[in-house]
Amino acid sequence: MQLIDGKITSALIKEEIAAEVAAIRLAGGKQPHLAAVLVGHDGGSETYVRNKVLACEACGFKSTLIRMEDDITEEELLDKIEELNRDEDIDGFIVQLPLPAHISEQKVIEAIDYRKDVDGFHPVNVGRMAIGLPCYISATPKGIWELLCRYGVETKGKKCVILGRSNIVGKPMAQLMMQKNYGDATVTVCHSHSRNLKKECCEADILIAAIGQPDFVTVDMVKDGAVVIDVGTTRVPDVNSKKGFRLKGDVKFDEVAPKCSLITPVPGGVGPMTICMLMKNTLAAGKKEIY
Ligand code: GUN
């Protein structure tokens with residue numbers, strides 16, 4: 001069994017991005033510029049956005065943080081998005097989710113110019129991915145794909161089972177794994193109403209768990225030598241941790257790991273890859289690769 005180390009991989013990718021940005025600038029090109037809109041003061045969102053700004057610095061990008069109070073109207077936020085769409089210096093931007101309940105997240109996502117939608121949430125990007133056109137791919141599935149590639153996992157013709165059908169992980173992951181120019185695998189998506197779940201999982205060469213239920217995947221659900229990717233990050237109380245909680249994956253790691261050829265730990269597996277993939281998308285935005 002080998003661990004897939006998302007921490008080391010993401011650090012390496014950020015170095016690669018920084019080197020490319022340095023080369024672009026040396027040749028007189030534009031410094032990629034990411035803007036982030038943060039509405040309100042949610043603790044989790046503050047941390048995510050701070051980490052995104054720090055990652056921009058590590059990659060040599062320019063970043064702009066736009067703070068708005070949580071009593072802004074939907075119209076005010078949509079006006080801000082329109083301003084960012086028109087701002088020629090900003091290559092890509094994100095609106096940190098969740099938003100206050102009086103603002104429609106879907107309306108906000110659809111207001112973003114898909115050519116600047118580095119989160120890859122806009123329906124145009126989702127649709128373009130489904131038919132294999134240039135697009136921004138959302139960070140978690142893109143990060144998993146990057147890990148599979150960098151660890152030399154053969155996916156072509158393999159059976160890939162995905163647990164979970166969310167819009168930001170399960171569904172795009174299934175698209176990537178079935179796509180000819182990506183996974184080229186045979187894909188099964190399981191969810192809360194799937195029958196014979198254990199049998200389906202046991203047939204997987206690559207098992208991707210993204211359901212948000214700690215320890216859901218047990219040893220009897222995994223084939224010998226399978227590659228197991230754990231996307232779960234449920235916070236469970238932990239008095240021994242400074243934060244008062246720790247992250248728990250969807251996979252019962254201790255019993256499953258010895259049976260796998262490769263497995264991602266939680267934390268330190270898929271998690272660190274997500275911001276790193278936002279950086280990759282921003283680099284692509286800076287190079288105007290999505291049009
Ligand atoms: N909130 C939690 N994850 C994300 C993300 O990837 N993008 C945005 N915009 N908001 C989030």
Side-chain angles (χ1 to χ4, degrees), residues 6 10 13-14 33-56 59 61 63-68 70 72 74 77-78 80-81 84-85 90-101 103-126 129 135-147 164 166-173 175-176 210-212 230-235 243 245 247 249-250 266-267 269-285 290:
S10 62
I13 293 172
K14 276 186 255 174
H33 184 179
L34 174 73
V37 180
L38 176 58
V39 180
H41 301 273
D42 172 76
S45 294
E46 293 265 3
T47 307
Y48 279 130
V49 169
R50 188 175 342 112
N51 289 336
K52 288 172 186 178
V53 170
L54 288 174
C56 282
C59 293
F61 297 164
S63 67
T64 300
L65 173 58
I66 297 144
R67 285 182 170 277
M68 302 182 93
D70 49 18
I72 56 153
E74 187 176 271
L77 181 54
L78 292 173
K80 176 55 75 179
I81 290 170
L84 295 171
N85 283 340
I90 290 172
D91 300 298
F93 66 97
I94 61 153
V95 178
Q96 188 66 25
L97 305 175
L99 290 170
I103 299 175
S104 158
E105 289 188 353
Q106 199 53 36
K107 237 188 203 174
V108 165
I109 288 168
E110 290 189 44
I112 297 171
D113 184 331
Y114 77 91
R115 290 161 297 195
K116 292 191 176 190
D117 167 41
V118 282
D119 261 331
F121 292 167
H122 193 288
V124 169
N125 280 313
V126 176
M129 181 177 73
C135 63
Y136 295 110
I137 297 168
S138 63
T140 304
K142 189 179 167 96
I144 293 169
W145 175 247
E146 190 82 30
L147 286 175
S166 70
N167 286 343
I168 59 169
V169 186
K171 281 182 203 153
M173 195 71 235
Q175 291 287 357
L176 274 188
I211 40 172
D230 190 346
V231 191
T233 51
T234 306
R235 289 181 175 191
K243 293 177 190 152
F245 68 86
L247 296 181
D250 290 349
V266 175
V270 175
M273 294 296 289
T274 55
I275 288 183
C276 178
M277 291 300 107
L278 175 66
M279 298 298 114
K280 267 207 137 174
N281 281 347
T282 303
L283 179 62
I290 314 299

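Just so you know, these numbers use all the heavy atoms, side chains as well, and skip hydrogens, waters and symmetry mates. Just so you know, ligand 1 is whichever comes first in the structure, and atom 1 is the first atom listed for that ligand.
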*Would one find an N or O of Asp119, backbone or side chain, under 3.5 Å from an N or O of ligand 1?*
yes
*Give the minimum heavy-atom separation between Lys116 and Ile90, together with the two atoms involved.*
NZ-O, 2.9 Å
*How long is the span from the CD1 atom in Ile137 to the CG atom in Asn281, to the nearest 0.5 Å?*
7.5 Å
*Can you find an N or O of Leu97 that's nearer than 3.5 Å to an N or O of ligand 1?*
yes
*Main-chain N/O of Tyr114 paired with Asn125 side-chain donor or acceptor, under 3.5 Å*: yes
*Does any non-hydrogen side-chain atom of Glu146 lie less than 4.5 Å from one of Ser10?*
no
_At less than 4.0 angstrom from any non-hydrogen atom of Val95, what atoms of ligand 1 do you find?_
8 (C), 9 (N)
*Tell me, which protein residue and heavy-atom name are nearest atom 11 (C) of ligand 1, and how many Å apart are they?*
Gln96 NE2, 3.3 Å
